[in-house]
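One structure is given here, and the rest of the page talks about it.
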Amino acid sequence: MPNKNILLIEPGYKNKYPPLGLMKIAQYHGPRGKNDSVRFVKGETPEVLEQSWDRIYVTSLFSFEWKKISDAIDFALRAANGLSSKVFVGGIAASLMQEDFLAEARWRGVRVIKGLLDKSPAESLQLDEFAEELYSDDCDGTPIEDLIPDYSILDQIEYTYPVNDAYFTYASRGCIRKCKFCGVPKLEGHQRDAASISSVVQGIDALYGPKKDLTLMDNNVVASARYKEIIAEIIDSGFHAGATLERNGHAYKRRVDFNQGVDARILCKDQMYLREMSKTCIDPLRIAFDHAGMKKPYGQAIRYAAEVGLTKLSNYMLYNFHDTPEDLYERMRLNIDLNEELDIRIFSFPMRYQPVTLKDRSHIGEHWNRYYLRSVQLILQATHGIVSGAPDFFKRAFSNSEQEFINLLSMPHHFIFNREWYENYGGRAELDSFKVQYKNLSKNDTNELLEVLSEGPPGSWERSFKSVKNRKVKNVSEHYLPPSHDLLREIWDSMKKEKRFNPDELVAAEERVEDAGLEA
């Protein structure tokens, strides 16, 4: 008989990977642990309000999902009938912003857990033995962080994670770097080894059956002193180059994915790193390219990868930090040049920087403006966040030079979103008129135009432009006003049969980034 009722809540945001922390907590409380009855929900599920719960756990992911995380905590308190001592909140945002969570008066009494549950369960969960809290005497048990995740809870929800048929684990935790844009140093601290990959794989096999893929969530695996041993362990676990999984009479190609990417600054030092990695069924090889200063080590790492036969690559590309739009273009263009030179395939995923403790996506980098950021977002929406490795696709989406890219970012947004219509169909005359007027703007004129466009939402532009005295800016401003619904319908009806770039044909959902900010 189950002992206690445990509710696990993941906020209702979209995410790529299942909540590993909640899966381990489920193992702690479930039939192989405390024998409690465990229920997992995503978002607000009203039916759980009809039941009494002995403890409720809420996870958190990105800080900019503050609203949905807040909704989940409020819902948890409703499920707990206002007894805040029953509610525990953890995860990335809670760890990075613990003080912000604790400062919310309506959440007073909620336990906000910072960091990993790597101590005894009682200590990690801040349980009070004097108050005789549930399992507060569990001071010697296996840390929850070290438990095999409970995959069975994923069957309790309708949401399908793009990556689900995989072993989720770490070979190492933390990182040797102290990058200012990254939350890992605060979350996990210095680099250190994690539990044996083999033991996790074998444990999951025994409880839930074999998984097709191996997803390693390390932040900097190549910095580990045990790197060669880690690769050997991956291979011994059934993930050698060309590995397949036999299931129901079919052979499925297996894949290893270091989903946080690997460090070009280490890879470029010795071909050994990529030679070892090529012995696994890694697909794709993800390498970060966060700023133009990494151009030389990044290029060398790519060349080493090509030399050892790793030709399918994926690239994280941070922007909106200390970079400029020209810097972003230069990095994207380098990948196209490398593709052509080495006959490989690199897909880039530009990722808009947001401070790890910001509660929305409002950050604007020192060399960016709100209008440019929205322009990049619109371009990426058309490609599902992917910068294709094919030169023709790249030139079509991002132009053929840095200056052309800047001009593209400055265009009216409905021109960008409906480029085919304005370049080749009924909108061509308007586009030509805009280009003539825009070309006559001086740098000061352009800055004045962008300042107005960055001040507020499109609905406010008409009013703002009325106060502009600069005749050239006022004339070109007419092109920036949102088109009528009738025109949008005409564009849609004309273009819906046109063949568009379909990234689904090129990059599977499980290979894309966790959050590209395309819907913000």
Side-chain angles (χ1 to χ4, degrees), residues 17 19-25 27-28 59-61 90-96 98 113-126 139-149 166-204 214-237 239 256-270 272-274 276-277 280 282 285-288 290 316 356 514:
Y17 305 101
L20 194 57
L22 289 185
M23 292 166 72
K24 293 182 177 184
I25 290 172
Q27 195 70 262
Y28 174 71
T59 190
S60 63
L61 192 55
I92 292 176
S95 296
L96 293 173
Q98 187 186 47
I113 309 299
K114 183 177 182 178
L116 306 177
L117 302 179
D118 54 359
K119 300 180 175 60
S120 72
E123 185 176 356
S124 289
L125 296 173
Q126 305 172 11
C139 300
D140 301 310
T142 301
I144 294 172
E145 171 65 21
D146 295 341
L147 296 177
I148 297 296
Y167 304 96
F168 297 100
T169 189
Y170 293 84
S172 64
R173 302 304 295 258
C175 185
I176 61 171
R177 309 290 182 192
K178 304 293 181 184
C179 301
K180 293 182 179 180
F181 56 79
C182 183
V184 170
K186 294 180 180 179
L187 285 169
E188 299 185 12
H190 65 279
Q191 181 125 2
R192 61 202 183 280
D193 294 330
S196 161
I197 295 172
S198 300
S199 65
V200 174
V201 169
Q202 291 167 10
I204 293 172
L214 175 62
T215 298
L216 289 152
M217 308 174 85
D218 299 52
N219 296 291
N220 200 345
V221 68
V222 293
S224 171
R226 293 184 59 253
Y227 176 70
K228 285 190 175 181
E229 296 173 47
I230 291 169
I231 295 297
E233 201 171 4
I234 290 171
I235 294 170
D236 289 344
S237 297
F239 290 90
V256 171
D257 183 9
F258 289 96
N259 73 336
Q260 297 301 303
V262 288
D263 192 339
R265 291 164 289 188
I266 296 175
L267 296 180
C268 72
K269 294 179 179 179
D270 193 329
M272 174 275 297
Y273 292 101
L274 288 160
E276 288 295 305
M277 202 167 285
T280 74
I282 188 166
L285 168 62
R286 303 181 189 270
I287 304 178
D290 293 320
Y316 293 135
V356 295
E514 171 76 21

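Keep in mind the model is a prediction, meaning the values are calculated, not measured. Side chains are part of it too, since the values below use all heavy atoms of this structure and drop only hydrogens, waters and symmetry mates.
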Has Ser124 got a side-chain atom pairing as donor or acceptor with Lys119's backbone, closer than 3.5 angstrom? yes
Result for side chain to side chain contact (heavy atoms under 4.5 Å, CB included) between Val200 and one of Leu147, Thr169, Asp146 points to Thr169
Taking the side chain as C-beta and beyond, is there a heavy-atom pair between Ile266 and Tyr227 under 4.5 Å?
no
dist Ser224:OG -> Ile230:CD1 (nearest 0.5 Å) comes out at 3.5 Å
Heavy-atom distance under 4.5 Å between the side chains of Tyr17 and Asn259, does that happen here?
-> yes
Between Cys139 and Ala122, the two heavy atoms sitting closest are SG-CB, 4.1 Å
Q | Plane angle bin for Tyr167 and Phe239 - parallel if under 30°, tilted between 30 and 60°, otherwise perpendicular | A | perpendicular
Output for pair (Leu214 CG, Ile197 CD1), nearest 0.5 Å, gives 6.0 Å
Using modelled atom types and a 3.5 Å cut-off, is there a donor and acceptor pairing between side-chain atoms of Ser60 and backbone atoms of Ala94? yes
When rounded to the nearest 0.5 Å, the distance separating CD of Glu123 from CG of Asp140 is 11.0 Å
Check: Thr59 and Ile25 side chains under 4.5 Å, non-hydrogen atoms: no
Using 4.0 Å as the upper bound for N to carboxylate O, is an ion pair formed by Asp118 and Arg173?
no
Closest heavy-atom pair, Gly174 versus Asn219, reported as atoms and distance to 0.1 Å, is O-CB, 3.6 Å
So OG1 of Thr142 and CD of Gln27: to nearest 0.5 Å the spacing works out to 11.0 Å
| task | Please confirm whether the backbone N or O of Glu145 pairs with a side-chain atom of Lys24, one donor and one acceptor, at under 3.5 Å? | result | yes
Can you find a pair of side-chain heavy atoms, one from Arg286 and one from Phe258, that are under 4.5 Å apart?
no
Rounding to 0.5 Å, atoms CD (Glu276) and CE (Met272) come to a distance of 6.5 Å
When every non-hydrogen atom of Ala194 is compared with those of Tyr170, the smallest separation belongs to CB-O, 3.5 Å
Is there a side-chain contact between Val201 and Glu233 in this structure, where contact means two heavy atoms from C-beta onward sitting under 4.5 Å apart? no
Closest non-hydrogen contact found for Gln260 with Asp218 is CB-O, 3.0 Å
Minimal heavy-atom distance between Ser95 and Gly91, with the atoms involved, is OG-O, 2.8 Å
Run the numbers on Leu267 and Val262 for side-chain contact (heavy atoms from CB on, under 4.5 Å), then give the verdict.
CA-CA 8 Å; Leu267 296 180; Val262 288; 3.6 Å; yes
Nearest heavy-atom approach of Pro143 to Leu117 is CB-O, 3.7 Å
To the nearest 0.5 Å, atom CE of Met217 lies from atom CZ of Phe168 at 7.0 Å
